[in-house]
4 protein chains.
Amino acid sequence: MTDAVSIPAVAGSGPGVPKTARGERTRARILKAAEETFGSLGYHRAGIADITRAAGVASGTFYTYFVSKEQTLRELVQEMGRRLRAHLERETADAQDRLESEEMGLRAFLQYLRDNPALYRVLQEAQFVDESIYRSYYESFGERYIRMLAGASDRGEIRPGNDEVRVWALMGISNFLGLRYALWEKEMHFDEIVATVSDLLRNGLASAGAREKR
Amino acid sequence: MTDAVSIPAVAGSGPGVPKTARGERTRARILKAAEETFGSLGYHRAGIADITRAAGVASGTFYTYFVSKEQTLRELVQEMGRRLRAHLERETADAQDRLESEEMGLRAFLQYLRDNPALYRVLQEAQFVDESIYRSYYESFGERYIRMLAGASDRGEIRPGNDEVRVWALMGISNFLGLRYALWEKEMHFDEIVATVSDLLRNGLASAGAREKR
Amino acid sequence: MTDAVSIPAVAGSGPGVPKTARGERTRARILKAAEETFGSLGYHRAGIADITRAAGVASGTFYTYFVSKEQTLRELVQEMGRRLRAHLERETADAQDRLESEEMGLRAFLQYLRDNPALYRVLQEAQFVDESIYRSYYESFGERYIRMLAGASDRGEIRPGNDEVRVWALMGISNFLGLRYALWEKEMHFDEIVATVSDLLRNGLASAGAREKR
Amino acid sequence: MTDAVSIPAVAGSGPGVPKTARGERTRARILKAAEETFGSLGYHRAGIADITRAAGVASGTFYTYFVSKEQTLRELVQEMGRRLRAHLERETADAQDRLESEEMGLRAFLQYLRDNPALYRVLQEAQFVDESIYRSYYESFGERYIRMLAGASDRGEIRPGNDEVRVWALMGISNFLGLRYALWEKEMHFDEIVATVSDLLRNGLASAGAREKR
DNA sequence: AATGAATGAGCTTTCATTCAT
DNA sequence: AATGAATGAAAGCTCATTCAT
């Protein structure tokens, strides 16, 4: 967070950081077009030509601001991660406790994904182009998440447990529900989804009668 | 195995279905090599030449048995799905109830993934090559799963709820934990993971005091 | 010389050494076409497409046998050097002494260059693509040459002197005369050229009266 | 210097001949940078951007003073040739006779090349970019040289002979010795080189006993 | 005059697929 | 059935040059 101010992200890694406002605009247009194109065609099917066409610039212009297709994907993943994180923080700011925060976070995530479907595809494809960026995406996500669970655990809001494992479980839940209900079939109301997960987190899956053991 | 008869168009597809035992062996060698190669290099980086080299045959031989690289991926996903399902069914056969089945299933999945890391990558990459095969993989998986939850619900083993949503949540949990602990870092004992998830499913995430609401 | 038998030159560095006679023929056709194309258009202006067109094969076929344009240039220089050396050895075999050998060698070189004009251009351009190959071309040439002068010096055929310097001077003479009279303007009879150089080598440039000093 | 007036079309070519002193300076800076860049990277590897970066100006500024990369090379060759010729004339001014002039000229050439290594590369590469400029470089050089030999011949300083051939032989000697001892390996003292060539020119290569014939 | 963004033709290289043997 | 050579479309990328400011 602190470095978000002093370091202009990884943006400075391009062959030429734009020096004029016009250049800045063009660079942004291309990055946006890359997001759309990767999102719709997929990273591998998307050619530089597709991106520049979508951006309305000549193909060579891409290389005025980006070193390579792959490097652009990296930058995109980081930027999209930043945006998502900012969205989630904003949307969960009013939560009274962890459980409520989980509910608000899940709903916010589903909405965000429905509005930004490219996020999912770009992220998933990045996984096999450069695993490290994908890992760092989830690990940076996970670390904060773990701290939040630990805090909630200390405050007695949630049961003690292995927070790392629980965090990855929770991220898995969001991820799959997002894929299924925010990207594939959008017929189910998010309230229903959130309520179901909420029940799972508040009461578990087991019926009261099956709750003993371990 | 039985469906290999009913869906021959997909399972045994290829310009020439092998008629000799030797041909059968060659085809199997190539498919195995494709699995390994897709698993290690990834679908896009893997070339037909890499596959045939790994299989120990000439590059042209690939097309004696397979229509295309993409079609091969499809076949692979189906076969890998079948194998995984068979494994899980075998490993959860002795479960006394749904919760126990969940525990055994998760452990079995983690083990399987650790032993067959290619499964994850092949499946994930297939998602963007042909979404339909990926969806049908999870949907066919999900349908059985939903029926199981419904049965357990009827038997009073688990709380009533939206089974479809719960199934996708559960699949998300397995998937992420598998990626994190069976593929990336293998330092955590599966017992710990299963216990944590088990606690979540049996008692929820919330502490007893925070359990009211809805 | 000895390795010319056991090691198939640098030819084996291509992506695929041809395994069939047909492949052997194609590879040779491409290399020949590369020589012609580099010779006429020059290394930089010559595209792979020019080469393959001249060879009568598809553009991709080039990469069946060669790793890159640059690597091909390297191989070409080595092969052309070998051929020239073989030619000179053949043509100077009957020389009675060093001076006669110089005459026969110069004439043979001029003739060879006139018949193989590509040699000059390919070699000169290679100099700036990969200096090492150019240096090794001349140095391997020079080493033999030095030994010959040393032998002649021992036998009293030539004046004692710094053989290395003399060799480079002699190579410079051939080179420039070749460029001027075998490539640019072919109007002068080689006899005249050889006679002039011969006089220079036998009697020096200075008139008898100016011959003292040092 | 004087011909800068008579051949303005070539020497001062450019879309806009600089009118201000500042423009003059910029143009000179770019030309100097071109020399350095062509010399170090080579004509083909050197991009306009490399040149302007070295000159400390924006890339577009190049075209304020030069028509094209190729045209710049041409101008450079001419200028470098002029400078070399001026240097040689200065350094050989005190020579008493032709032989001494050859010695002083060779030494001066070696020194000049060692101090201006770009000369060699720029010249050699120009050869295949525009043969005519290369030819005219050597031919203009050669013509003066021939006249000098003819004069020396008339004065009885050197043996009569085909001066054109001898001139090209002499230029070849300088060229190769320069490459070998002023650019590649600088370990040998120029005195030794000059002495060796001097002996060759004064007494020939042949020992006294082998001097008959023709 | 000077800047730096923008252009787009052209290049080398890859590789799934087909063909000839 | 099997081989490996041959294909050619397409991709990513470069860079001399032009344009807008």
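Numbers restart at 1 for each chain; the letters A, B, ... are given by sequence-line order, proteins then strands.
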Legend entry - Value in whole Å for how far the P atom of E:dG4 lies from NZ of A:Lys19: 5 Å
Legend entry - Runs of at least three consecutive pairs that involve DNA chain F, where pairs are Watson-Crick or G-U with distances under 3.5 Å: E:2-21 with F:2-21
Legend entry - Shortest non-hydrogen contact from C:Ile48 toward C:Ser59: CG2-O, 4.3 Å
Inset, instruction - Taking all non-hydrogen atoms of both residues into account, name the closest pair between A:Ala58 and A:Thr52 and its distance. - result: O-CG2, 3.6 Å
Legend entry - Given A:Arg83, A:Arg29, A:Arg121, the one that forms salt bridge (charged side-chain N to carboxylate O under 4.0 Å, His left out) with A:Glu35: A:Arg83
Inset, instruction - Report the distance from atom CD of A:Gln71 to atom C1' of F:dC13, rounded to the nearest whole Å. - result: 15 Å
Legend entry - For atom CZ of B:Phe66 and atom C1' of F:dA2, their distance in whole Å: 15 Å
Inset, instruction - Round to a whole Å and report the spacing from OH of D:Tyr65 to C1' of E:dT3. - result: 12 Å
Legend entry - Nearest atoms (heavy-atom pairs only) where C:Pro18 meets C:Tyr65: CB-CE2, 3.7 Å
Inset, instruction - Just grab all the salt bridge (charged side-chain N to carboxylate O under 4.0 Å, His left out) pairs involving residues 55-71 of chain C, residues at least two apart or on different chains. - result: C:Glu70-C:Arg74
Inset, instruction - Quick one, give me the B/S/- string for nucleotides 9-21 of chain E, reading 5' to 3', where B means a protein heavy atom under 4.0 Å from the base and S means that only happens at the primed atoms, P, OP1 or OP2. - result: B--SBB-SBB---
Inset, instruction - Mind listing the closest non-hydrogen atom pair of C:Glu125 and C:Phe38 along with its distance? - result: OE1-O, 4.2 Å
Legend entry - Residue pair B:Phe66 / B:Leu31, side-chain heavy-atom distance below 4.5 Å: yes
Inset, instruction - Remember a base hit wins even if backbone is also touched, and classify C:Thr26 as base, sugar-phosphate or nothing at under 4.0 Å, heavy atoms. - result: sugar-phosphate
Legend entry - Gap between atoms CD1 and C1', on C:Ile30 and F:dA5 respectively (whole Å): 11 Å
Inset, instruction - Using the six-membered ring wherever Trp is involved, compare the ring planes of C:Tyr120 and D:Phe128 and label them parallel, tilted or perpendicular (cut-offs 30° and 60°). - result: tilted
Inset, instruction - Find the distance A:Arg25:CZ to E:dG4:P and express it as a whole number of Å. - result: 16 Å
Inset, instruction - Taking only the side-chain heavy atoms of B:Thr64 (C-beta and beyond), determine which of E:dT3, E:dG4, F:dA1 contains the nearest atom. - result: F:dA1
Inset, instruction - Could you tell me whether the side chains of C:Gln78 and C:Glu75 share a donor-acceptor contact shorter than 3.5 Å? - result: no
Legend entry - Whole-Å distance separating the CZ atom of A:Phe38 from the P atom of F:dA11: 13 Å
Legend entry - Given F:dG4, F:dA1, F:dT7, the nucleotide with the shortest approach to the side chain of C:Ala58: F:dT7
Inset, instruction - May I have the distance from D:Arg27 (atom CZ) to E:dA2 (atom P), rounded to whole angstrom? - result: 12 Å
